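Source: prediction; values computed, not measured. In the text below, chain A, chain B and the rest are named by the order of the sequence lines, each starting its count at 1.
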There are 2 protein chains.
Amino acid sequence: MSTRDRILDSALALFNERGTAAVSTNHIAAAIEISPGNLYYYFGNKQEIISALFERLFTAWDETFQLPADRAPKLADFEAMIAGNYRLIWEYRFAYREMAALLRNDPALNARYLEVRRDGYQGFSELIEAFDRAGVLVRPQSKDELRALTELCWIVSELWPVNLELSGRDLDAEGINEGVSLMRHLFRPYLVGG
Amino acid sequence: MSTRDRILDSALALFNERGTAAVSTNHIAAAIEISPGNLYYYFGNKQEIISALFERLFTAWDETFQLPADRAPKLADFEAMIAGNYRLIWEYRFAYREMAALLRNDPALNARYLEVRRDGYQGFSELIEAFDRAGVLVRPQSKDELRALTELCWIVSELWPVNLELSGRDLDAEGINEGVSLMRHLFRPYLVGG
DNA sequence: GTCTATATCGCGATAGAC
DNA sequence: GTCTATCGCGATATAGAC
């Protein structure tokens, strides 16, 4: 593995364990037994390491939210996406624990995040609209209701892990299932027989 | 105002503006024109200041979530509570931006938060159960559905502000209204004529 | 590309006068 | 209760050898 990638892996592990504030560039370098000077050959400062990790997260999101190209999307596909998203958030949990603060401190990163988020939300909306058109959602519902449902789904898919951690639990397999189940409850009133 | 309170107000303003990591005890002292030494007369370290601010937040929560004692609770009371909660979260926004990270770094604070949260969730559940018993919630619904509804309401009331900020907006009056409206959408399928 | 050595800075914290 | 003065530490970052 390249030194650059080893630095990023080291930083990710330490950030997840102790938080970005408590981890210095020296710690990151020491953990993979390279010199502090060598680390600075690859990254100008700690913030650049954080940004690079966010970029890895964004790329992984792109892959997670791919729909099957050969057939119409089903609710089960959606649930699989959400579960995949939760696994990703767990992998980059430091980012979610400090997200709002990290973005505030780095306008460039914030702009990039907003871009990624906008596209993500767009895809998310279209997916739910596709379910609606396909007749998966059947209860009497207005545009307004559909928009609220989308917003609520988004919040659960993005912030359920934080909520779980705030309640004192880890995002393990059981936690992931509960999050998906909660999402199901959100849809339930709008499904056939719900 | 007491020096202790002035320190806390100063810290709150600076934390909200720059985040806890970027604010030192020196900054907090300088902002109210007292010496660094004087600050340490009141607080042993920065973490104690953070804990004291959380304690103020907990107290304010207690007051926000008081129900009218003289009559049965209505949905409008609930919505007023949620709006009050949002205003409080805005006042202590630094805490929510870094909540998970701050709690992880301070086991004592985490234990205290879990206690407060447990009690809060308990009151929250009982309120929704009271609505159910009073016939406000009418759709066919199981214990399981009621539990999910409670959990979802909690998540929206706690994490809507973070979600709003992550989308690039502030928790102003309009943002608060949107959060309350989202809560209404959550209840809607379970209301008469919903 | 990686190292050693080092400069600079500011934070957290304390001692002791008033 | 508040101040001044200061110590020690560790973090970021750079220079220059290999």
Next item on the list: For side-chain contact (heavy atoms from CB on, under 4.5 Å), just list the numbers for Glu98(A) and Phe15(A), CA-CA rounded to whole Å, side-chain angles, deciding distance to a tenth of an Å, and then say yes or no.
Entry: CA-CA 10 Å; Glu98(A) 315 174 36; Phe15(A) 288 163; 5.9 Å; no

Item checked: Below 4.0 Å: OP1/OP2 of dT12(D) and any side-chain N or O of Asn45(A) -> no

Margin query: Below the 4.0 Å mark, does dG12(C) have OP1 or OP2 next to a side-chain nitrogen or oxygen of Lys46(B)?
Written below: yes

Check: Among dA11(D), dT2(C), dT2(D), which is the nearest nucleotide to the side chain of Asn26(A)?
Finding: dA11(D)

Check: Could you give the CD-to-P distance, from Glu33(A) to dT4(C), as a whole number of Å?
Finding: 12 Å

Check: Can you tell me how far P of dA11(D) sits from CD1 of Ile49(A), to the nearest Å?
Finding: 13 Å

Check: Rounded to whole angstrom units, what separation is found between the CD1 atom of Ile7(A) and the P atom of dT12(D)?
Finding: 14 Å

Checklist line | Test: Arg87(B) cationic atom under 6.0 Å from Trp90(B) six-membered ring centre, within 45° of axis | finding: no

Check: According to the interplanar angle, ranging from 0 to 90°, do the rings of Phe124(B) and Trp154(B) count as parallel (below 30°), tilted (30 to 60°) or perpendicular (above 60°)?
Finding: perpendicular

Next item on the list: State which of dA13(D), dC3(C), dC3(D) makes the closest approach to the side chain of Tyr40(A).
Entry: dA13(D)

Item checked: Nucleotide dT14(D), atom P - distance to CZ of Phe43(A) in whole Å -> 16 Å

Next item on the list: May I have the distance from Asp5(A) (atom CG) to dG1(C) (atom C1'), rounded to whole angstrom?
Entry: 15 Å

Notebook entry, point to check: So, is Thr3(B) close to the dT2(D) phosphate, meaning a side-chain N or O under 4.0 Å from OP1 or OP2?
Noted result: yes

Notebook entry, point to check: For Tyr41(A) and dC3(C), is the shortest distance between a side-chain N/O and OP1 or OP2 below 4.0 Å?
Noted result: no

Next item on the list: Evaluate the ring planes of Phe131(A) and Phe78(A), with Trp represented by its six-membered ring, and classify them as parallel (under 30°), tilted (30 to 60°) or perpendicular (over 60°).
Entry: perpendicular

Next item on the list: Using atom CD of Glu48(B) as one end and atom P of dA13(C) as the other, report the distance to the nearest whole Å.
Entry: 9 Å

Check: Which part of the nucleic acid, if any, lies within contact of Ser35(A), taking any heavy atom under 4.0 Å across all strands shown: a base, the sugar-phosphate backbone alone, or nothing?
Finding: base

Next item on the list: Could you tell me the separation between the CG atom of Leu102(A) and the CG atom of Asn110(A), rounded to the nearest 0.5 Å?
Entry: 10.5 Å

Note to self: On the nucleotide dG10(C), are OP1 or OP2 found under 4.0 Å from the side-chain N or O atoms that His27(B) carries?
What the structure shows: no

Next item on the list: When you get a sec, tell me which of dG1(D), dT4(D), dT2(C) is the closest nucleotide to the side chain of Asn38(A)?
Entry: dT2(C)

Margin query: Using whole Å, what does the distance between atom P of nucleotide dG12(C) and atom CG of Leu39(B) come to?
Written below: 10 Å

Checklist line | Interatomic distance, Ile34(B) CD1 vs dG1(D) P [rounded to whole Å] | finding: 13 Å

